[in-house]
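First up is the structure itself, then whatever we jot down about it.
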2 protein chains.
Amino acid sequence: MISKACQYGIRATIFIVSRHHDGVKLNISEIAREVDAPEAFMAKILQVLSKHRIITSLKGPYGGFFIEDFQLEQPVIKIVNAIDGMSVFEECGLGLKQCSASHPCPMHDQYKIARDALQNAFLHTSLRKLAQEVNEGDSFIKNLALKKSESC
Amino acid sequence: MISKACQYGIRATIFIVSRHHDGVKLNISEIAREVDAPEAFMAKILQVLSKHRIITSLKGPYGGFFIEDFQLEQPVIKIVNAIDGMSVFEECGLGLKQCSASHPCPMHDQYKIARDALQNAFLHTSLRKLAQEVNEGDSFIKNLALKKSESC
DNA sequence: TTAATAAAGGATAAAAATGTCCTTTATTAA
DNA sequence: TTAATAAAGGACATTTTTATCCTTTATTAA
């Protein structure tokens, strides 16, 4: 559905947004640890996100990754687009290049419903909104699968 | 979303169903050619479908692949399950093992809508129904992306 | 019983995705 | 200016997916 790299990217971004206060910067090893991703792989992904201006990075001591105010309202789909591209939302379910609304394959209509629902899920969720739902706590990753209202 | 192997499998099955009359059997090379898949890879996939009793195969001269009457009403999801498994319909969008209805991640509700839509697309479409929509013609693959009503 | 035919199945190869290691570049404080 | 720190980036390794090749097994007709 969506690549592992992309999932790591979304998790990392949510983590960064959830720690967005007063000039806090996070380094690769901390991010990788908290979102449960291999460090060097996480580094590559953060690089992509930074180049796409989804997050911001600074080199050197006191550097790291963080998110700026103007970046908070971006929809998650920007992450998907940066890492996986938009093809999941566009391609035919049977892998037919000829398939389109005017030349539909037998699964087209049903499949399009699912594809569009997926696109909407990522399009209508902003980074800020996602991070709002995250609980405080020792382990980011454990609290990620736990709505704020349902905190233990 | 769904693997290439699985797409080949669905296309092959639609092709076989669309040729389902009076003891017609199709061999690997013909199927592979018509659904535009590499022959040896197609063979492996047909083997899986045959073992799962989604289609039927017979060895030897006058052998080949075909579908029996009792197999026509199977939903396409059986093919997906045989080749990719059911994990696409079950796993968390952010790749979290802890995520569930009672412990939802911030994307859970939105993502579930898309996941369920995908599952329904495959669950509520039978092989027979799919093949019904396919046009007659020289090239199966070209006519696949063309509803019967819109035939040229 | 033999030759021919077609799928089954094992082994291997190529490509893509994931993951790792190490060097370079930028920035900071001393 | 130097040493330390952290991201950028290049090269490589591993794993998974996709694809190919070749041998074996089953079936048929002659």
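Numbers restart at 1 for each chain; the letters A, B, ... are given by sequence-line order, proteins then strands.
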Donor-acceptor under 3.5 Å ([X] side chain, [Y] main chain):
X	Y	answer
A:N143	A:S139	yes
B:S50	B:Q47	no
B:Q71	B:R53	yes
B:R11	B:V35	yes
B:E68	B:I55	no

Base, sugar-phosphate or nothing for [X]? Non-hydrogen atoms, less than 4.0 Å.
X	answer
A:I55	nothing
B:L46	nothing
B:I83	nothing
A:F41	base

Pairwise distance SG(A:C105) to CG(A:L94) - rounded to 0.5 angstrom: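 A:C105 SG to A:L94 CG: 4.0 Å, rounded to 0.5 Å.
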
Which atom of [X] lies closest to which atom of [Y], heavy atoms considered:
X	Y	result
B:A32	B:E39	CB-CA, 3.6 Å
A:R115	A:E90	NH1-O, 2.9 Å
A:S126	A:L72	CB-O, 4.1 Å

With nearest nucleotides of DNA chain C determined for A:G60 and A:K44 from heavy-atom distances, which residue corresponds to the more 5′ nucleotide?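 On the 5' side of the pair lies A:K44.
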
Figure out the [atom1]/[atom2] separation between [X] and [N], and round it to whole Å.
X	N	atom1	atom2	result
A:I45	C:dT18	CD1	C1'	9 Å
B:M42	C:dG9	CE	P	16 Å
A:Q47	C:dT18	CD	C1'	16 Å
A:D84	C:dA17	CG	P	9 Å

Represent DNA chain C in dot-bracket notation, 5' to 3'. Only Watson-Crick or G-U wobble pairs with both distances under 3.5 Å count; pseudoknot-style crossings use [ ] and interstrand partners use |. ||||||||||||||||||||||||||||||

Identify the 5'-most and 3'-most nucleotides of DNA chain D with at least one atom closer than 4.0 Å to a non-hydrogen atom of chain A. D:dA4 to D:dA11

Please check the phosphate of C:dT18 (OP1 and OP2 only) for any side-chain N or O of A:Y8 closer than 4.0 Å.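 Answer no for this pair, as no side-chain N or O of A:Y8 is under 4.0 Å from OP1 or OP2.
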
